[in-house]
Amino acid sequence: MRPIASAFAALLALLSPASAGAASLTYKRPVPAPDPAAQLAEMVALFNEICLKAFPDDAAVARAMAARQATAMTAAEVKVYLHEDPGAGWDIAGRSAPFALTVEAPPFHACGVRTTAVAPFADMAPYRHLADGFEAGRQVQRIGPVNGTIGNVDTSGGGDMWKRPDGKDEALLVFIATPVARLRAQGEDAVQIRFVHQLVDPPSH
């Protein structure tokens, strides 16, 4: 298992949130406000179907997105989320709320689901139940929470990490981002919630 300090470093590298100017998700309060329980349930189901079952097979992720008739993001929209890292993304018109799904290529191979909510989910039991089932039998190391401010956005993140037989570090992570209170535009006080399944190659020697 990698040292906890290295796990924190990997987590901090992912703290950078989506820009407030993203076309598909912003920090504007959703109107009407989604039902939190329904929004979380749908997000957990998407994360399970795409990021736990289809990923890390990128082709399987793309097929699942096509089956859902998700809208592929432009290169500029993907860059908002992944910055300089290569990858792909889709917008999903969910039943409870809009969602965005991205797949990031090296240095991190990661599948993430994002949504905008009025507030952090009060009861994360559905996510925890899913994560616990996926992690069963693994020697899991809890990491975080880690907090950071990038630009005008506060982000906190944490999760679980373990070592795979192939030497890769694997993790399930949760991030919550919201604009810094004193810098928020009027009505832009919502939060972006992100679930991530990440694989990291072992260091080369």
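Partners of Phe47 under the ring-ring contact (aromatic ring centres under 6.0 Å, His included) rule, at least two apart in sequence or in another chain, are Phe195. With sequence neighbours left out, Ala70 forms a side-chain contact (heavy atoms from CB on, under 4.5 Å) with Met65, Trp90, Ile92. The side chain to side chain donor-acceptor pair (under 3.5 Å) check on Asp166 picks up Arg164, with sequence neighbours excluded. Residues meeting the side chain to side chain donor-acceptor pair (under 3.5 Å) test with Glu42, sequence neighbours left out: Ser96. For Lys168, the side chain to side chain donor-acceptor pair (under 3.5 Å) criterion is met by Asp201, not counting sequence neighbours. Under the rule for a side-chain contact (heavy atoms from CB on, under 4.5 Å), the partners of Pro120 that lie at least two apart in sequence or sit in another chain are Ile176, Val191.
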Notebook entry, point to check: Please walk me through it: do Tyr81 and Glu104 pass side-chain contact (heavy atoms from CB on, under 4.5 Å)?
Noted result: CA-CA 9 Å; Tyr81 293 110; Glu104 183 177 358; over 6 Å; no
Check: Does the side-chain contact (heavy atoms from CB on, under 4.5 Å) test come out yes or no for Phe55 and Ile50, once each step is laid out?
Finding: CA-CA 6 Å; Phe55 179 84; Ile50 310 300; 5.8 Å; no
Check: Where do Thr115 and Gln39 land on the side-chain hydrogen bond (donor to acceptor under 3.5 Å, both in side chains) test, with the steps shown first?
Finding: CA-CA 9 Å; Thr115 195; Gln39 188 176 14; 3.0 Å; yes
Margin query: Please determine whether side-chain contact (heavy atoms from CB on, under 4.5 Å) holds for the pair Gln192 and Phe175, giving the CA-CA distance in whole Å, both sets of side-chain angles, and the decisive distance to 0.1 Å.
Written below: CA-CA 8 Å; Gln192 287 188 22; Phe175 298 89; over 6 Å; no
Check: Is there a side-chain contact (heavy atoms from CB on, under 4.5 Å) between Val180 and Thr149 once you walk through the steps?
Finding: CA-CA 8 Å; Val180 176; Thr149 300; 3.9 Å; yes
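Two residues are said to be in side-chain contact when any heavy atoms from C-beta on lie closer than 4.5 Å; Val174 and Met124 meet this criterion. Side-chain contact between Asp91 and Pro98: absent, with no pair of heavy atoms (C-beta onward) separated by less than 4.5 Å. Side-chain contact between Glu84 and Lys79 is present, with heavy atoms from C-beta onward closer than 4.5 Å.
We find the CE-CD1 distance between Met161 and Ile143 to be 4.0 Å, quoted to the nearest 0.5 Å. Taking CD1 of Ile193 as the reference point, atom CG of Leu40 lies at 8.0 Å (rounded to 0.5 Å).
Contact detail for Pro126 and Asp123: the closest heavy-atom pair is CD-O, 3.6 Å. Of all heavy-atom pairs between Gly159 and Leu173, the closest is CA-CD2, 4.1 Å. Contact record, Gly89 with Val78: N-CG2, 3.6 Å, taken as the closest heavy-atom pair. The two atoms that bring Tyr27 and Thr178 nearest to each other are CE2-CA, 3.9 Å, heavy atoms only. Annotation for Leu82 and Gly87: closest pair CD1-CA, 3.7 Å, computed over non-hydrogen atoms. Taking every heavy atom of both residues into account, His197 and Leu52 meet most closely at ND1-CD2, 3.8 Å.
The salt bridge (charged side-chain N to carboxylate O under 4.0 Å, His left out) pairs that include a residue from residues 63-75 are Glu49-Arg68, where partners are two or more places apart or lie in different chains. Among residue pairs with one or both ends in residues 74-109, none qualify as disulfide bond (SG atoms under 2.5 Å apart); sequence neighbours excluded. Identified under the disulfide bond (SG atoms under 2.5 Å apart) test for residues 97-136, with sequence neighbours left out: Cys51-Cys111. Listed by first then second residue, pairs satisfying side-chain hydrogen bond (donor to acceptor under 3.5 Å, both in side chains) with a partner in residues 53-62 read Asp58-His109, not counting sequence neighbours. For residues 58-108, there are no disulfide bond (SG atoms under 2.5 Å apart) pairs, not counting sequence neighbours.
There is no side-chain donor-acceptor pair under 3.5 Å between Thr155 and Arg194. Using modelled atom types and a 3.5 Å distance limit, the side chains of Glu170 and Trp162 yield a donor-acceptor pair.
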Identify all side-chain donor-acceptor contacts of residues 127-134 below 3.5 Å with residues at least two apart in sequence or on another chain.
from   : atom 1 : to     : atom 2 : distance (Å)
Arg128 : NE     : Asp132 : OD1    : 2.9
Arg128 : NH1    : Asp160 : OD2    : 3.3
Arg128 : NH2    : Asp132 : OD1    : 3.0
Arg128 : NH2    : Glu135 : OE1    : 3.3
Arg128 : NH2    : Asp160 : OD2    : 2.7

